[in-house]
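Sharing a structure, written as structure tokens. Questions coming.
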Protein chains: 2
Amino acid sequence: MELTTAEENYLKAIYHLSEEGKKSVSTNDIATQIQTKPASVSDMLRKLGEKEVIQYRKYYGLQITALGMQLALQTIRKHRLWEVFLVDKLHFAWDEVHEVAEQLEHIQSPLLIERLDAYLNYPKFDPHGDPIPDAYGDVRTRPRCALNEMDIDQIGQIVAVKDSSAAFLRYLDKVGAYIGARIKVLDKVEFDGSIEILVDQKKTLFMSKDVASNILVLQS
Amino acid sequence: MELTTAEENYLKAIYHLSEEGKKSVSTNDIATQIQTKPASVSDMLRKLGEKEVIQYRKYYGLQITALGMQLALQTIRKHRLWEVFLVDKLHFAWDEVHEVAEQLEHIQSPLLIERLDAYLNYPKFDPHGDPIPDAYGDVRTRPRCALNEMDIDQIGQIVAVKDSSAAFLRYLDKVGAYIGARIKVLDKVEFDGSIEILVDQKKTLFMSKDVASNILVLQS
DNA sequence: AAATAATATTAGATAAATCTAAAAAATATG
DNA sequence: CATATTTTTTAGATTTATCTAATATTATTT
């Protein structure tokens with residue numbers, strides 16, 4: 001089964017929106033995510049339904065199929081492996097990789113991905129801390145919670161970000177937070193939910209609840 | 001100026017066919033090279049003419065413009081840099097790289113190519129010995145001649161192949177010829193033009209004129 | 001040079017992916 | 001519950017790249 005680049009992008013968007021725990025994925029949501037019009041989405045949903053990567057009944061809703069899931073995970077795998085390559089080998093900043101990886105993920109060559117995976121030493125997480133599915137689509141997730149949900153004096157390690165917009169990533173870079181940083185909660189302000197943390201046992205950081213809720217931590 | 005993937009492929013084909021020293025590039029030649037129909041080529045030539053990357057008068061012929069040349073060289077640069085990456089870093093065999101590089105060359109990101117170039121240590125030649133244009137489109141060629149044109153007892157180094165079909169590259173691999181191999185002409189058979197050479201001062205090789213004419217040598 | 005062959009172009013169709021505007025269905029509101 | 005609003009889909013157009021079949025142009029050959 002072969003998908004076009006556009007189909008792959010739609011399927012990936014559907015997968016991501018499905019994962020967000022929403023009851024069902026709406027045409028409008030997809031349109032927003034992919035930056036297109038609802039009319040185009042309707043059309044594509046019909047096509048994806050025919051290709052049996054989603055189950056689709058018009059006006060009703062959609063559900064991704066096992067086949068669709070597998071294909072989406074392969075695309076995500078490629079995207080994240082390329083992100084690792086760009087950051088680890090070509091020294092891209094983690095907020096510069098998305099657009100390029102968005103293109104690279106559509107390169108068709110199983111051998112290339114196999115070799116790339118080996119070359120990068122079979123990474124399990126991308127630079128944003130998101131898990132990289134293996135060749136069979138299996139994902140190794142880490143149990144994690146939002147930074148603002150941690151208690152005072154708790155210790156952990158930043159493992160991912162929810163919002164990976166360039167602006168947010170640049171902000172994190174600027175204040176010295178990064179994936180892998182060891183942190184400790186020093187104080188929490190009840191009033192506005194803001195938080196004070198210690199990074200790598202040396203740097204103190206204040207952040208709003210808004211920022212903290214977008215940082216995911218592996219507790220220890 | 002932005003070119004689509006298809007336009008880039010046509011332009012690259014035109015560039016390559018122009019370089020082959022032919023008086024002019026025919027619609028049929030392009031169709032053969034790109035594996036498409038002459039009707040499609042005519043259509044595309046009109047478009048490329050409008051974009052001023054070629055000068056085109058129908059039924060008459062075409063000529064690549066300075067702008068077209070520059071764009072073609074950038075695509076070739078990307079293609080060859082990716083080939084170096086695939087062979088040097090991902091350990092692809094030199095006959096496995098073409099198809100993948102054909103896809104990778106269309107990734108749009110000047111930063112990516114700049115970084116890739118640095119990562120590969122600014123290579124001047126690709127795995128087939130073809131020169132890699134620099135960021136300005138300048139090409140550093142090596143003076144070279146076909147192996148069958150060398151005289152007995154002459155010494156040199158294999159620097160490129162004319163025919164880079166998978167079949168030919170596999171054959172070369174099999175007999176132990178490779179880009180960079182030092183060779184010496186031991187004997188030439190006048191009757192059929194076949195040739196006997198010494199590879200790396202240890203291995204004797206017989207090859208037909210057909211094969212030898214597809215191997216390019218830097219004389220020394 | 002006239003007939004034939006080869007080459008190149010146009011005309012008209014098709015497929016993919018998109019759009020706007022209009023219609024249909026589902027949901028929300030008074 | 002009837003109406004208004006939102007959401008979704010369809011209809012019809014557009015762009016890109018391709019094809020086949022037909023036509024036009026150029027080249028070759030008696």
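Naming convention: chains lettered A, B, ... in sequence-line order (proteins, then strands); numbering from 1 in each chain. All of these numbers come straight from a predicted model, not from anything done at the bench.
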Subject >> Where protein sits on nucleotides 15-23 of chain D, one letter per nucleotide: B base, S sugar-phosphate only, - none, heavy atoms under 4.0 Å >> reply: -SSBBBB--
**OP:** Rounded to the nearest angstrom, tell me the gap between atom CD1 in A/Ile30 and atom C1' in C/dA17.
**Re:**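 It is 16 Å, rounded to the nearest whole Å.
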Original post:
Rounded to whole angstroms, how far apart are CZ on B/Arg57 and P on C/dA8?
Top reply: 15 Å
Subject >> Qualifying residue, where the test is side-chain hydrogen bond (donor to acceptor under 3.5 Å, both in side chains) with B/Lys12 and the options are B/Glu105, B/Gln74, B/Gln33 >> reply: B/Glu105
Subject >> Length of the line joining A/Asn9:CG and C/dA16:C1', which is rounded to integer Å >> reply: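 In whole Å, C/dA16 C1' and A/Asn9 CG are 14 Å from each other.
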Original post:
So, is A/Lys58 close to the D/dT10 phosphate, meaning a side-chain N or O under 4.0 Å from OP1 or OP2?
Top reply: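 Checking A/Lys58 against D/dT10: at least one side-chain N or O falls below 4.0 Å of OP1 or OP2.
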**OP:** Give A/Thr27 one of three labels, base, sugar-phosphate or nothing, depending on what nucleic acid heavy atoms sit under 4.0 Å from its own.
**Re:** sugar-phosphate
Original post:
Does NZ belonging to A/Lys89 count more than 12 external heavy atoms closer than 6.0 Å?
Top reply: yes
Original post:
Just checking, is any N or O donor in the side chain of A/Asp210 or A/Ser208 under 3.5 Å from an acceptor N or O on the other one?
Top reply: no
Subject >> Which residues share a side-chain contact (heavy atoms from CB on, under 4.5 Å) with B/His128, sequence neighbours left out >> reply: B/Glu83, B/Trp94, B/Val97, B/Asp126, B/Asp130, B/Val161, B/Ser164, B/Leu169
**OP:** Measure from CD1 on A/Ile54 to C1' on D/dT8 and round the result to the nearest Å.
**Re:**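 Nearest whole value for this atom pair: 14 Å.
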Subject >> Separation of D/dT8 P from A/Arg46 CZ (nearest whole Å) >> reply: 17 Å
**OP:** Using a cut-off of strictly less than 4.0 Å, decide whether B/Tyr60 has a side-chain nitrogen or oxygen near OP1 or OP2 of D/dA24.
**Re:** no
Original post:
Any side-chain donor-acceptor pair under 3.5 Å between B/Ser194 and B/Asp192?
Top reply: yes
**OP:** Check whether any side-chain heavy atom of A/Val139 sits under 4.5 Å from a side-chain heavy atom of A/Asp134, and report yes or no.
**Re:** no
**OP:** Please state how far atom CG in B/Asn28 lies from atom C1' in D/dT25, giving the value in whole angstrom units.
**Re:** 14 Å
